[in-house]
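The structure displayed is predicted, hence computed values, not measured ones.
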Number of protein chains: 2
Amino acid sequence: MSSATKALTLLSYFSTSRPEIGLSQMCRIAGRDKATTYRHLQALETAGFVEQIPATKQYRLGPALLQLAQVREATVPRKDGAKAALAALADATGETAHATLLSGNVLYGLCDCESPHHSTRAVIDMNVFPLHATASGLCSLAFGPEELLRTAVTNLEAFTENTATTEAELETLVEDVRLTGFGRGDKSFATETQGLAVPVFDHTGHFAGAVAVASVASRFTAELECSIKSELIIAAREITRNWGGTIPDAIEALWTASLNNPTEMESTS
Amino acid sequence: MSSATKALTLLSYFSTSRPEIGLSQMCRIAGRDKATTYRHLQALETAGFVEQIPATKQYRLGPALLQLAQVREATVPRKDGAKAALAALADATGETAHATLLSGNVLYGLCDCESPHHSTRAVIDMNVFPLHATASGLCSLAFGPEELLRTAVTNLEAFTENTATTEAELETLVEDVRLTGFGRGDKSFATETQGLAVPVFDHTGHFAGAVAVASVASRFTAELECSIKSELIIAAREITRNWGGTIPDAIEALWTASLNNPTEMESTS
DNA sequence: TACTGCGGTTCGCATATTGAACCGTCGTTG
DNA sequence: CAACGACGGTTCAATATGCGAACCGCAGTA
């Protein structure tokens, strides 16, 4: 791991739920030496990727990110194209909706949207989505590039007791996604959440990412699932259109079949 | 310069006008070795800060930036607070408006807004604003931390023949800003543009950045200048309020005086 | 006063980083 | 078509660079 990579990974520890991190705290989180961490934070600071709050000496994400994100959006304005569809999806289902973006072998969270409909809701606070344990990740494995599966099996971390931890388990899950057209995360990432995802495609015609709904497991019923699936399809079409792609006919057919005989499809898993 | 810093600086070469950069091109721009640049780009890629377009092998900014910028915005939503005011400013003046943010010793562009009023207009395409050559930069030197001037004089690059290139020249310019409350960039950064800027303040009560209007030199008249100044003051008050700060009374007084006897003030420069 | 945890610094060692040189491939051109 | 140059990517010896244990001063506190 290059030292540049090490420095950059520090950034991923910032999140909306933990926006400010002190030096010692960062050392503990990253599991690295204080001097090293300090130098890395300094490097990040000179580049404007973090800034130090003078009062508390804590670090937080810096303004240079706004710059670069702006350039990225101006060049590849995918986030804009997803926002409206996600809002509609969250509103229609009453659950948290989010979109993910595959870049290389990594699935990044792009944008998420909570619904105010319930007081309890799933909160998306991730930068990178594990491929083997989330509905979006399984979608990527099912419809993304084939080599993705090879990288996924190298890290089958068990997030819950439902996480697939063997290559065989994972392959059955992926096969199920290929049959139904829906990625399912049945408490496989967090014990309280139930995820459903569908793939989206970009102008190259390839798999580009996924759009998903994370529901609270305790209120997840067959009716809700059916409703979420319908809305997911609408959102996937919308986002795919915005990104200049089209849903492959094969997948549209899967969705139709899957919605018409849900029980038969579920029995295949 | 740490290798992390070196890798991070590569990111700053991306801009809306140059969103995709190949390996060799990046080497030339950065003036560094090919192998080194390649490794740096790889590190950036694994961190999601750049991604490689499979078709052309060129690199462009990656999706991880969107993540982090989102967190930054959620934590310190300054851009949102400036957007509306900038739009109003651009609309009222018919010129390009922008806001800058001081972090450490560097003045970053935060957000800009072009007015559709004229067919020719100033285009803001900078990540970092030179302190000695822009209206916003002079504002920072005049009202920001004192040590800023020391770092500014270490790089007095001449962008045009009007750029201040000696410490003495720069100090007269800064002194003028301190007397009038307005930063002026009289074709000091580009030969065709005329900038006017005022400082904005954040919740700490310190100088936080500047809001500015960049006009096309050929249509810059005394009337336009007066109009821009009035609108700038309105925008500065608005943005400062949004950032939780207040305009120091001393600066409000400068503006009032400067607007009442513009000729007398100009004679001091 | 002694103790703890904090941000920040020092310094010798060893490892990760460096860049000249090299490779295979592509599109161009005489 | 073969020679050419530009490109992305790789190798390897040399050494610059990053590393971390130990240390410093400070602030809170018991």
For the residue pair [X] and [Y], confirm or rule out a side-chain donor-acceptor distance under 3.5 Å.
| X | Y | answer |
| --- | --- | --- |
| A:S3 | B:S3 | yes |
| A:T5 | A:S2 | yes |
| A:E114 | A:T96 | no |
| B:T163 | B:T165 | no |

Would you kindly give the [atom1]-to-[atom2] distance between [X] and [N], to the nearest whole Å?
| X | N | atom1 | atom2 | answer |
| --- | --- | --- | --- | --- |
| B:E20 | D:dC7 | CD | C1' | 16 Å |
| A:M26 | C:dG8 | CE | C1' | 16 Å |
| B:D33 | D:dC12 | CG | C1' | 13 Å |
| A:R28 | C:dT4 | CZ | C1' | 13 Å |
| B:Q42 | D:dG9 | CD | P | 8 Å |
| B:Q58 | C:dC26 | CD | P | 17 Å |

Less than 4.0 angstrom between a side-chain N/O of [X] and OP1 or OP2 of [N], yes or no?
| X | N | answer |
| --- | --- | --- |
| A:Y38 | C:dG7 | no |
| B:S24 | D:dA6 | no |
| B:Y59 | D:dG9 | yes |
| B:H40 | C:dT17 | no |
| B:T36 | C:dT17 | no |
| B:R32 | C:dA20 | no |

List, with names and distances, any nitrogen or oxygen atoms from the protein found under 3.5 Å away from nitrogen or oxygen atoms belonging to nucleotides 10-16 of chain C.
none

Original post:
Taking only residues two or more places apart in sequence, or in another chain, which ones meet B:K79 in a side chain to side chain donor-acceptor pair (under 3.5 Å)?
Top reply: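 Listed in chain order: A:Q70.
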
Original post:
Are the ring centres of A:F207 and A:F143 closer than 6.0 Å?
Top reply: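 No, the ring of A:F207 stays outside the 6.0 Å limit from the ring of A:F143, centre to centre.
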
Original post:
What pairs of residues pass the ring pair (Phe, Tyr, Trp, His ring centres under 6.0 Å) test when at least one of them lies in residues 44-63 of chain B, not counting sequence neighbours?
Top reply: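 Output for this query lists A:F49-B:F49.
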
**OP:** Hey, could you give me the SG/CG distance between A:C111 and A:L101, rounded to the nearest 0.5 Å?
**Re:**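 Here the rounded value is 11.0 Å.
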
**OP:** Output the distance between atom CD (B:Q58) and atom CE (B:M26), rounded to the nearest 0.5 Å.
**Re:**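 Rounded to the nearest 0.5 Å, the CD-CE separation comes to 10.5 Å.
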
**OP:** Going 5' to 3' through nucleotides 25-30 of chain D, assign each nucleotide B (protein heavy atom under 4.0 Å from a base atom), S (under 4.0 Å only from sugar-phosphate atoms) or - (no protein heavy atom that close).
**Re:** ------

Subject >> Student check: side-chain heavy atoms of B:P130 and B:F159 closer than 4.5 Å >> reply: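 In contact.
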
**OP:** Please examine the side chains of A:R60 and A:P19, heavy atoms only from C-beta on, and report whether any two atoms are closer than 4.5 Å.
**Re:**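 In short, these two side chains do not touch, never coming nearer than 4.5 Å.
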
Subject >> Angle between terminal axes - the helix from C:dT1-D:dA30 to C:dG30-D:dC1, 5 pairs each end, rounded to 10° >> reply: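 Roughly 20°, once rounded to the nearest ten degrees.
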
Original post:
Looking at D:dG8, does its base get a donor-acceptor pair with the side chain of B:K34 below 3.5 Å?
Top reply: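 It does, because a donor-acceptor pair links the side chain of B:K34 to the base of D:dG8 below 3.5 Å.
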
Subject >> Check against side chain to side chain donor-acceptor pair (under 3.5 Å), A:S15 and A:S17 >> reply: CA-CA 5 Å; A:S15 67; A:S17 57; 3.1 Å; yes

Subject >> Close residues, residues 44-53 of chain A, relative to DNA chain D [heavy-atom separation under 4.0 Å] >> reply: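 Nucleic-acid contacts, sorted: none.
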
Original post:
Is there a salt bridge (charged side-chain N to carboxylate O under 4.0 Å, His left out) between A:E51 and B:R72 once you walk through the steps?
Top reply: CA-CA 11 Å; A:E51 65 182 6; B:R72 161 78 188 188; 2.8 Å; yes

**OP:** Specify the closest pair of heavy atoms between A:A133 and A:F189, including all atoms of both residues, with the distance to one decimal.
**Re:**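 Closest approach of A:A133 to A:F189: O-CB, 3.4 Å.
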
